[in-house]
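Remarks on the structure that follows.
In what follows, every chain begins at residue 1, and chains take the letters A, B, ... in the order their sequences are listed.
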Amino acid sequence: MARRIVELLRTGQPDESVTIQGWVRTKREQKGFSFIEVNDGSSMAGLQVVINQDVPGYEETIKRLSTGASVEVSGVLVPSLGKGQRIEVKADSVAVFGEADPETYPLQKKRHSFEFLRDIGHLRSRTNTLGAVFRVRNACATAIHQFFQERDFLWVHTPILTASDCEGAGEMFAVTSLNLKQVPMTEQKGVDYSKDFFGKPTYLTVSGQLEAEIMAMAFSNVYTFGPTFRAENSNTSRHLAEFWMVEPEMAFCDLEGDMDLAEAFLKHIFQHVMDTCPEDMEFFNARIDDSVLATAENIIHNEFERLTYTDAIALLQKADKTFEYPVEWGLDLQSEHERYLAEDLFKKPTIVTDYPTQIKAFYMRLSDDEKTVRAMDILAPKIGEIIGGSQREERLDILERRIQQQGLDPADYWWYLDLRRYGTVPHAGFGLGFERLVQFMTGMGNIRDVIPFPRAPLSVEF
RNA sequence: UCCUCAGUAGCUCAGUGGUAGAGCGGUCGACUGUUAAUCGAUUGGUCGCAGGUUCGAAUCCUGCCUGGGGAGCCA
């Protein structure tokens, strides 16, 4: 049985007979023997293999071994004579599964730009950086489930296809089974959706929140973790058309409880990644962003800054800095304002609460003076908004009024309103952009490099 | 969608009106318990696409395409 390289590097002992399988990262031919470094994705470091010329088929095998080739090596672990590794494999046999023609294999033994690697999305996961990213991404996902499961939250699966076209979170992708070359029309010359699969306009979800609220009204504490879709023609280093979102929803919870959970949540994820992926995190700190480790320590050990929107506006107005966009109570915070607060002023995650009613969604709980709603955004240095949440409006009459005020039809929300009609409770929740979390964790500058197969405008190749 | 910068060898880039270059990579050789090995030789191009200006365009102009950074929108 082949063993994983990460385990051999940690605990492998001299004289053990081992078999490993993986891909050749580098080959260094010497006179009479060769070194190859084999990586199987289980760790940043590969395992060095020494192939002496007395290994059967040496000349022929060595010719076929180049960067990218897939191999199975059987041999004995020995203490390394060279510097740089504790142990290495002295090969008894080397089998090549598949060659990788060096004339055409795009990955070289040198640093590649992330732009170039995006063009070879089918091969880029074999690089050090993307390998580290996807191991950390996996650890983040594991930590998320761990955090909620330990607290008896139910993982609920909310739908990807939805007929709610008015959640207000962004542009939606239309879903149809109609033949687009021959779309049925109504007499009013609109699309006749009664002929479509669901009999009405249907979209990819922009949020599972409303459905999560349904489930929270039965199971008290729930969370979603799944893909989400936004069709905005948005071209920045922190937007994707398809991304993963985590949305906890808690019954019998107010905004303070929501913030407490969000903060504990982020601390837990950072701690778990530091515990399980130390080599990868050190790599990011050394090669990608030298503040990554300090940021993780800061998150884990320090309280997040908390302030109201009103106080934030006052601080921005006092700031010794000129902003391009105006700072005035009632206007939404711009990227530059958020960055000033989280990056310059507090230098840590900053929770801004109680935003003006006019600039937030209808489902957020109205404060007594009706000027603000119980909303909160967690702003991360460099990334911006990483979490957005709120206490939800649980009072039927106020919710109906707010839906109408925003020009929406309460009839479209009949089941959402029913939740307030039957056994309503105070409740709260938030949404976390999973890729933004991974970006924040790793220091990766572009969100397209923290998801294996990014979907963005004009980008859906792999 | 807007602003801005860029597109030249497999990769990273230099070349700003007059014979297309370097480093890395690849190939061949030498040497060496190597590890981004080293040394020597060698290979390598529709200068993003389409028009235009000019005796002459990688270089100047126009349009388009693609990508980076930023903004808006958002998580």
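Contact annotation: A/Arg25 does not reach the phosphate of B/U34 (side-chain N/O to OP1 or OP2, under 4.0 Å). Dashed line: the shortest gap from a side-chain N or O of A/Arg28 to OP1 or OP2 of B/A37 is under 4.0 Å.
Ring centers of A/Tyr58 and A/Phe33: at least 6.0 Å apart, outside the cut-off. The aromatic ring centroids of A/Tyr363 and A/Tyr416 lie 6.0 Å or more from each other. Taking the ring centroids of A/Tyr340 and A/Phe323, they lie under the 6.0 Å cut-off. In this structure, A/Tyr355 has its ring center closer than 6.0 angstrom to the ring center of A/Tyr309.
A/Glu336 comes within 4.0 angstrom of nothing in the nucleic acid, heavy atoms only. Residue A/Leu432 is out of contact with every strand shown, counting any heavy-atom pair closer than 4.0 Å. Looking at heavy-atom distances under 4.0 Å, A/Glu385 makes contact with sugar-phosphate atoms alone, never a base. Using a 4.0 Å heavy-atom cutoff across all strands shown, A/Phe440 reaches no nucleic acid atom at all. Nucleic acid contact for A/Ser237: sugar-phosphate only, since backbone atoms but no base atoms lie under 4.0 Å from a heavy atom of the residue. Counting non-hydrogen atoms under 4.0 angstrom, A/Ile387 reaches the backbone sugars and phosphates but no base. A/Glu88 comes within 4.0 angstrom of a nucleotide base, judged by non-hydrogen atoms across all strands. Across all strands, A/Thr228 comes closer than 4.0 Å to no nucleic acid atom at all (heavy-atom distances).
Per the geometry, CG belonging to A/Asn233 stands 13 Å off C1' belonging to B/A71, to the nearest Å. In this structure, the CD1 atom of A/Ile378 is 19 Å from the P atom of B/C74, given to the nearest Å. Across the protein-nucleic acid pair, A/Phe116 atom CZ and B/G48 atom C1' stand 16 Å apart, rounded to whole Å. In this structure, A/Glu37 places its CD atom 13 Å from C1' of B/A37, rounding to the nearest Å.
A salt bridge between A/Glu37 and A/Lys109 is absent, with no side-chain N of the basic residue lying under 4.0 Å from a carboxylate O of the acidic one. A salt bridge links A/Arg374 with A/Glu256: at least one charged nitrogen is closer than 4.0 Å to a carboxylate oxygen. Taking 4.0 Å as the cut-off between side-chain N and carboxylate O, A/Glu263 and A/Lys267 count as a salt-bridged pair.
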*Go through the steps for A/Phe114 and A/Met444 under the test side chain to side chain contact (heavy atoms under 4.5 Å, CB included), then give the verdict.*
CA-CA 10 Å; A/Phe114 293 122; A/Met444 294 294 288; 3.7 Å; yes
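Between A/Ile313 and A/Thr310, every side-chain heavy-atom pair lies at or beyond the 4.5 Å cut-off.
For A/Glu232 against B/U1, a side-chain-to-base donor-acceptor contact under 3.5 Å is absent. Side-chain atoms of A/His239 come within donor-acceptor range of the base of B/C74, with a qualifying N/O pair under 3.5 Å.
Taking the P atoms as reference points, B/A20 lies 15 Å from B/G48, given to the whole Å. Spacing between B/A36 and B/U62 at atom C1', rounded to whole Å, works out to 45 Å. Taking atom P in both B/U4 and B/G23, one finds a spacing of 37 Å when rounded to whole Å. The separation of B/U12 from B/C64, taken at their P atoms, amounts to 26 Å, rounded to a whole angstrom.
When Watson-Crick and G-U wobble pairs are counted only if both distances are under 3.5 Å, B/A41 pairs with B/U27.
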With the criterion being N/O to N/O and under 3.5 Å, what pairs connect the protein with nucleotides 65-68 of chain B, and how long is each?
from: B/G68; atom 1: OP1; to: A/Arg118; atom 2: NH1; distance (Å): 2.6

*Nucleic acid footprint by protein, nucleotides 22-31 of chain B - heavy-atom cut-off 4.0 Å, B for base, S for sugar-phosphate alone*: -BBSSS---S
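Taking the six-membered ring for Trp and thresholds of 30 and 60 degrees, A/Tyr223 and A/Phe148 have nearly parallel ring planes, at less than 30 degrees apart.
The side chain of A/Ser80 lies closest to B/U34 when the candidates are B/G72, B/U12, B/U34. Counting only heavy atoms from C-beta on, A/His112 has its side chain closest to B/C11 among B/C11, B/G33, B/U1.
No side-chain N or O of A/Ser42 forms a donor-acceptor pair with one of A/Glu7 less than 3.5 Å apart.
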